[in-house]
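Note on naming: letters A, B, ... go to the chains in the order of the sequence lines (proteins, then strands), and numbering restarts at 1 for each one.
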There are 2 protein chains.
Amino acid sequence: MMAISKEVTENAEVGRKGILDAAAQLFGRQGYGAVSLRMIAEAAGIKAGSIYYHFASKDAIITEILDAGIQAVHDEVGDRLAALDADAPARDVLRAVIRGHLSALLEHGDYTSANVRIFGQVPPAVRDANLPVRRAYESFLDGLLSDLQAQGAIRGDINLPRFRLMLIGALNATLEWFDPQKGDAEGLADDYADMFLTGILNRDGEKT
Amino acid sequence: MMAISKEVTENAEVGRKGILDAAAQLFGRQGYGAVSLRMIAEAAGIKAGSIYYHFASKDAIITEILDAGIQAVHDEVGDRLAALDADAPARDVLRAVIRGHLSALLEHGDYTSANVRIFGQVPPAVRDANLPVRRAYESFLDGLLSDLQAQGAIRGDINLPRFRLMLIGALNATLEWFDPQKGDAEGLADDYADMFLTGILNRDGEKT
DNA sequence: CCGCCTACCTAACGCTTGTTAGGCTGCGAG
DNA sequence: CTCGCAGCCTAACAAGCGTTAGGTAGGCGG
């Protein structure tokens with residue numbers, strides 16, 4: 001009884017959540033194809049056949065992870081924006097978006113990085129199932145950018161859907177090289193924000 | 001004899017190159033895990049076992065494709081730069097880089113898009129084998145950017161390695177959504193160049 | 001105590017994959 | 001004509017995979 005109780009305590013992540021957590025971590029690190037159910041089961045402390053008690057299929061696991069990943073980013077970005085003053089300048093708004101996105105991706109990001117890492121690899125049906133959540137986040141960003149452009153804060157000639165694609169593409173690519181143990185995600189976010197917002201050319205003429 | 005000769009003519013890509021071409025196309029479209037040797041062989045008009053006459057392993061095919069993909073981008077960017085005047089302004093130089101990269105990726109890009117698409121999915125040893133070619137391109141870009149910064153054309157406070165990562169990340173991400181049948185890659189390149197170089201904020205104050 | 005339910009285990013299945021070893025054919029050169 | 005080589009075919013193998021069906025054990029409630 002006491003021994004069993006200790007075991008349950010240590011394997012607090014056993015069960016459905018444990019499987020999802022283990023899978024998200026493995027997919028985020030190793031990609032889709034390199035992760036088998038046997039690997040996930042082992043990381044979760046069970047055997048592969050047992051996974052079917054909790055999930056109908058491998059794809060069902062992946063579908064949940066993909067959705068949770070995008071939702072986590074959306075929520076983090078939303079939280080960062082909510083923490084701003086109502087009249088915060090556009091620069092602060094956009095910086096908050098970039099900070100939120102990178103934080104969700106690089107610092108709390110098993111599910112998020114799994115999504116970014118494997119979305120393009122999963123079977124088409126699984127990918128399609130993730131589109132609604134994905135599109136909700138995209139629309140959220142598009143709306144925000146559109147408002148900022150309407151206010152005159154963002155240049156009127158900027159193609160906003162393209163900018164959003166460019167932004168997300170660049171942010172998600174950080175996953176391949178950024179090491180949270182070595183680097184400062186917030187500093188990275190601020191560097192990126194600066195470059196996106198102000199551009200890299202020296203505006204005091206082409207030469208100093 | 002005549003019938004055989006016709007057959008050879010129509011299967012002009014049979015052999016080593018035919019296998020590589022077929023594989024690059026399949027990998028670029030479907031990713032790493034979804035493409036088997038049997039699929040590649042079928043697309044090349046042969047049977048899977050025959051591939052071993054030309055290549056030692058599946059990984060050997062992939063290794064060649066990855067290298068050719070990066071080299072194609074590097075060459076295209078190099079050609080675009082060589083076509084510029086020696087005193088071309090920084091804006092034109094950087095635009096040429098972006099145009100070259102996107103052209104190689106989106107318009108002549110089986111090998112290139114295969115590289116971008118599958119690099120993160122292949123076994124670690126295969127990935128490592130691609131690093132020298134990859135690093136050569138990165139160094140090339142870094143050197144260019146460094147020169148432009150030294151000339152004062154790029155702001156002195158820009159972290160160039162980060163900018164280069166951001167740039168390549170954004171450019172490569174276009175592969176996931178851009179359709180060359182529907183869109184204008186050069187227009188896209190110029191949009192991206194404008195945003196990267198000038199930034200998106202309205203510099204006539206935060207509001208018009 | 002018994003039965004039910006939760007949460008797992010196990011052995012096996014069918015399928016797919018990369019690969020191998022042996023074979024065949026056509027063409028060109030001697 | 002013969003031989004050698006290039007370039008393929010074929011059947012099979014071993015390994016790994018997602019999945020299934022049947023089983024077990026523990027805990028809880030009646």
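At whole-Å resolution of the value, CD in A/Gln30 and P in D/dC17 are 12 Å apart. As a whole-Å value, the separation of A/Lys58 NZ from D/dG16 P is 15 Å. B/Tyr52 has its OH atom 7 Å from the P atom of C/dG18, to the nearest Å. Distance, A/Ile61 CD1 to D/dT19 C1': 12 Å, rounded to whole Å. Rounded to whole angstrom, the span from the CD1 atom of A/Ile51 across to the P atom of D/dC17 amounts to 12 Å.
Screening residues 42-63 of chain A for ring pair (Phe, Tyr, Trp, His ring centres under 6.0 Å), with sequence neighbours left out, gives no hits. For residues 69-124 of chain B, the pairs satisfying ring pair (Phe, Tyr, Trp, His ring centres under 6.0 Å) are B/His74-B/Tyr137, B/His74-B/Phe140, B/His101-B/Tyr137, with sequence neighbours left out.
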Using the 3.5 Å cut-off, write out each protein N or O paired with an N or O of nucleotides 12-16 of chain C and the distance between them.
none

I'd like a table of atom pairs between the protein and nucleotides 4-10 of chain D - only N or O on both sides, under 3.5 Å - with the distance next to each one.
| residue | atom | partner | partner atom | Å |
| --- | --- | --- | --- | --- |
| D/dC8 | OP2 | B/His54 | NE2 | 2.5 |
| D/dC9 | OP2 | B/Lys47 | N | 2.6 |
| D/dC9 | OP2 | B/Ser50 | OG | 2.5 |

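The existence of a salt bridge linking B/Arg99 and B/Glu107 is excluded, since no basic side-chain nitrogen approaches an acidic carboxylate oxygen closer than 4.0 Å. Under the 4.0 Å criterion applied to side-chain N and carboxylate O atoms, A/Lys17 and A/Glu64 are not assigned as salt-bridge partners. We find that A/Asp194 and B/Arg155 are joined by a salt bridge, their nearest charged nitrogen and carboxylate oxygen being less than 4.0 Å apart.
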Checking side-chain contact (heavy atoms from CB on, under 4.5 Å) for the pair B/Asp191/A/Met166: CA distance, chi angles, key distance, verdict? CA-CA 10 Å; B/Asp191 259 6; A/Met166 174 173 139; over 6 Å; no

Pair B/Val133-B/Leu66, side-chain contact (heavy atoms from CB on, under 4.5 Å): steps then yes or no: CA-CA 9 Å; B/Val133 184; B/Leu66 290 184; over 6 Å; no

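Using a distance-only test at 3.5 Å, with no hydrogens or angles considered, a donor-acceptor pair links the side chain of B/Thr63 to the main chain of B/Asp59. At least one donor-acceptor pair under 3.5 Å links the side chain of A/Thr174 to the backbone N or O of A/Leu171. Here the side chain of A/Glu76 pairs no donor or acceptor atom with the backbone of A/Ser103 at under 3.5 angstrom.
Here A/Tyr32 and B/Tyr32 keep their ring centres 6.0 angstrom or further from each other.
Here the CG-CD distance, from B/Leu26 to B/Glu42, works out to 9.5 Å after rounding to the nearest 0.5 Å. The CG atom of A/Asp147 sits 11.0 Å away from atom CG of A/Asp142, with the distance rounded to the nearest 0.5 Å.
Near-neighbour residues of DNA chain D inside residues 116-128 of chain B, defined by a heavy atom below 4.0 Å, are absent.
Counting only Watson-Crick and G-U wobble pairs whose two distances sit under 3.5 Å, DNA chain D takes part in these stems of three or more pairs: C:1-30 with D:1-30.
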